[in-house]
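Structure first, then comments.
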Amino acid sequence: MSIRPLGSGNDTPTSESPQVDPTTSAKAPTADTLPTANVPPPAIEGTDSVTPVVNEIYKAVTEHQQRQRRRSECRDERSLTIHVDGVVSKLAHLYEKLRNTLDYQDDHLRFKNAIERILARLIAAANTQPQVAKQQAAQTLPDAPDVARTLVVELIRAGYLANGRFPEAKLTEIGAIIERYVTLESEIAKEPANAACDLNSLRKWIINLAATNLSENIENDDRDVLAARPIFGTKTWSADTGSVITAHLHRLLDSNVYDPADDDAFTREKEIQIYVSIYRKLFNYSQAMLEFVLLRRLTSSGSELSDDAWHDIAKNYSSLRSEIDRHVHHPFGRQLQPVATRYATCFSILKDSFEDDPPLNVKRINREPPKFEKWIHEICERRYADCQKQLFVNALKCMTYVFLTKMVLVLLLEAPLTNLLTPDMPANVKLFSLGVNIIFPPLLLLLMAVFTAVPGTANSRHIFNGIAEIVYGRKSDDQLVKLSYPKEDKNIDVLFFGVFAILSITSLSIVGLCLYHIGCTWVSIAIFIVFITIINFLGVNLQKIAREYQVATPKATVFSFIADQFYIPVIAVGRQISKVFSDNNVVVLLLDKVVEGPYKRLVNLAERWSEYLRTKREESLD
């Protein structure tokens, strides 16, 4: 295997199904794992008036449901699955909730991030540091099955996987994936061409790839292994349904993008960005997870990575990472975002329409279009209600995160400095200043959540029009998306950056002056401004939840244009501060580096003690 040059091979999705490798995805399939085209779908009457996607989604959904029923009927409760002590695991679950409260992150990333955090600690404990790897001819992880078991057990205890549902036999597969990435890290570290690479960055990259791969593998067709299905965020897909929709979505996006057809480099980059957009919008992949997607995309063997493939990836590590990073931040990605969001939402709603009763839905599509339209509107309303519910759930999480973080800063920094720098300030003024600083940011966040509206009937009509285009071939908009490389003008860039900086300073200075006039100290003002920018950034993230199914373009107004001049700079500052807080969250770092390892060992010891007591009880009863 060699790294595929962007101009070689076929960059479009194919219908071939290669052999399954332990590192392949099941939840979000690659273009190389599409179902074979020679399998006859179930017979459906009256499909002449619709596109083939209806028949293919029907086949994928019904076959998945049949597999789930057979799996449920054949499941033997005595089969080997992984169990943990229910009482003891509550301690680990409580710790996980505490940590997630102190480290705000999107719900759909919690599972993958938990795997990443646990895996990093377990591999480090197994003495597989990059420095050691450089000194060994072949670095492996001899205790990979034990690491896999510990990983799964901790995920069950933390509440991510269902207790007593995860099959013991799958540990071999999980262990093989972990060992492959440890070996890849070793191969990269040993390559002379990579002698100057940052070993910490390498380790972080490898762990991210492994965690993404494992999260896909664990979230396979059998959804019963998951402890809970989130209300919002992770759109669950079976492998077959995801493959069918991936292929048709790729075709639809490609047909909506203008391609001059005389620029091979442009066409190749457009194809890759369409592929990335599908994972970003349809499967809700983060930028870090997209690195794993692109690793598969940019290798000639696709999803089937042989031992030679890993070796060649190691040899091309530096150039491959640069290429992956370029595609993750490619300008085409943002330009494709509106059309990718629209069609991904339509496909997601269409898939949902098949879930309850596939034959009935096909009947609606073919013979009763008005009933089908009404059904789509009902599904949209349910999705909007879920968004509304999750909006307030996330708002409460954000408020808790902000309040706890603020209290820590008040106790450790703001109150001591206020007493030190302004000893003559009246106590009531100090209490008022601290009270404003503590209460106002969470209250503002709550108000932002209350006044954030979810889409309505007009948006549902836009979604149905998009679905009608998919299932009936009704093209509602012939306007193509024209991708372009941004023009570089350093003078204009410097000018705009200067104006943006002035607007940021002006907006924050107005806030500071208001606080100064009500008696706040400069320490309180500085901390308040930091948190007010974070609040606005978190508020925008809450609005993303409400806009998850927004396909209609909101109308711009003069008022919104004027408000953006001062609001967007504050959000931009909040984004940068939030990133700094996230990367340097002292409390979370202490939990991860100091508390988590000993605490998990204590939980493990408590479970063994509980098992010992149970054994002694049984012996007493014999």
Side-chain angles (χ1 to χ4, degrees), residues 1 3-6 11 21-33 105-106 108-117 119-120 123 130 177-178 180-185 187-189 194 197-219 234 246 268-269 271-305 309-310 312-334 336-337 340 579 582-583:
M1 196 284 293
I3 302 302
R4 178 194 296 172
L6 292 182
D11 287 329
D21 184 87
T23 60
T24 58
S25 163
K27 181 193 75 159
T30 67
D32 303 295
T33 60
Q105 53 189 307
D106 292 338
H108 67 283
L109 299 178
R110 291 190 188 278
F111 182 54
K112 178 261 180 183
N113 290 347
I115 295 175
E116 186 172 351
R117 189 178 76 249
L119 197 59
I123 292 180
I177 294 174
I178 295 172
R180 281 213 165 181
Y181 283 99
V182 172
T183 304
L184 175 61
E185 180 184 351
E187 292 291 327
I188 292 173
N194 302 325
C197 74
D198 184 342
L199 296 178
N200 290 328
S201 175
L202 167 62
R203 168 58 61 87
K204 186 176 180 180
W205 187 67
I206 290 293
I207 295 295
N208 169 60
L209 297 179
T212 305
N213 198 162
L214 287 168
S215 67
E216 288 188 354
N217 186 279
I218 293 174
E219 294 178 333
T234 51
T246 296
R268 288 191 296 269
E269 300 216 334
E271 289 290 337
I272 291 175
Q273 287 308 308
I274 288 176
Y275 183 76
V276 170
S277 296
I278 290 173
Y279 277 85
R280 182 181 277 129
K281 293 301 177 183
L282 190 64
F283 301 119
N284 254 357
Y285 271 39
S286 65
Q287 288 195 358
M289 297 172 75
L290 290 175
E291 294 183 3
F292 173 71
V293 172
L294 284 163
L295 177 69
R296 292 189 302 206
R297 177 69 179 185
L298 297 176
T299 53
S300 61
S301 58
S303 60
E304 185 183 0
L305 297 175
W310 294 103
D312 286 343
I313 290 173
K315 289 175 63 177
N316 295 275
Y317 166 72
S318 297
S319 59
L320 182 60
R321 279 204 68 176
S322 298
E323 188 73 359
I324 288 173
D325 186 69
R326 186 175 72 85
H327 284 296
V328 168
H329 300 95
H330 200 285
F332 286 0
R334 191 166 296 279
L336 280 168
Q337 185 169 307
K579 187 177 184 305
S582 178
D583 294 341

pair Ile272-Leu294: side-chain heavy atoms closer than 4.5 Å: yes
Tyr181 vs Leu209 side-chain heavy atoms within contact, under 4.5 Å: yes
From Lys204 atom NZ to Leu199 atom CG, the distance as rounded to the nearest 0.5 Å: 15.0 Å
Leu202 to Cys197 - nearest heavy-atom pair and separation: CD2-SG, 4.4 Å
Between CG on residue Leu298 and CD1 on residue Ile324, distance to nearest 0.5 Å: 6.0 Å
Separation between NZ of Lys281 and CD of Gln337, rounded to the nearest 0.5 Å: 4.0 Å
Ile207 vs Arg203 side-chain heavy atoms within contact, under 4.5 Å: yes
Intermediate values then yes/no, side-chain contact (heavy atoms from CB on, under 4.5 Å), Ile206 and Ile123: CA-CA 11 Å; Ile206 290 293; Ile123 292 180; over 6 Å; no
Arg321: partners by side-chain contact (heavy atoms from CB on, under 4.5 Å), with sequence neighbours left out: Ser201, Trp205, Tyr317
Side-chain donor/acceptor of Asn194 to backbone N/O of Ala189, under 3.5 Å: no
Close side-chain approach of Val276 to Val328, heavy-atom, < 4.5 Å: no
Pairing residues for Ser322 by the side chain to side chain donor-acceptor pair (under 3.5 Å) criterion, not counting sequence neighbours: none
Residues Leu119, Leu214; criterion side-chain contact (heavy atoms from CB on, under 4.5 Å); working and verdict: CA-CA 10 Å; Leu119 197 59; Leu214 287 168; 3.9 Å; yes
Main-chain N/O of Leu109 paired to Asn113 side chain as donor or acceptor, under 3.5 Å: yes
Pairing residues for Gln287 by the side chain to side chain donor-acceptor pair (under 3.5 Å) criterion, not counting sequence neighbours: His329
Qualifying residue for side-chain contact (heavy atoms from CB on, under 4.5 Å) with Phe283, from Ile278, Leu290, Val293: Ile278
Donor-acceptor contact below 3.5 Å, side chain Glu291 vs main chain Asp325: no
Residues Arg326 and Glu269 bridged, charged N to O under 4.0 Å: yes
For Glu116, all residues meeting salt bridge (charged side-chain N to carboxylate O under 4.0 Å, His left out), sequence neighbours excluded: Lys112
Worked check of side-chain contact (heavy atoms from CB on, under 4.5 Å) between Phe292 and Arg296: CA-CA 7 Å; Phe292 173 71; Arg296 292 189 302 206; 3.2 Å; yes
Shortest non-hydrogen contact between Gly333 and Ser277, atoms and distance: O-OG, 4.5 Å
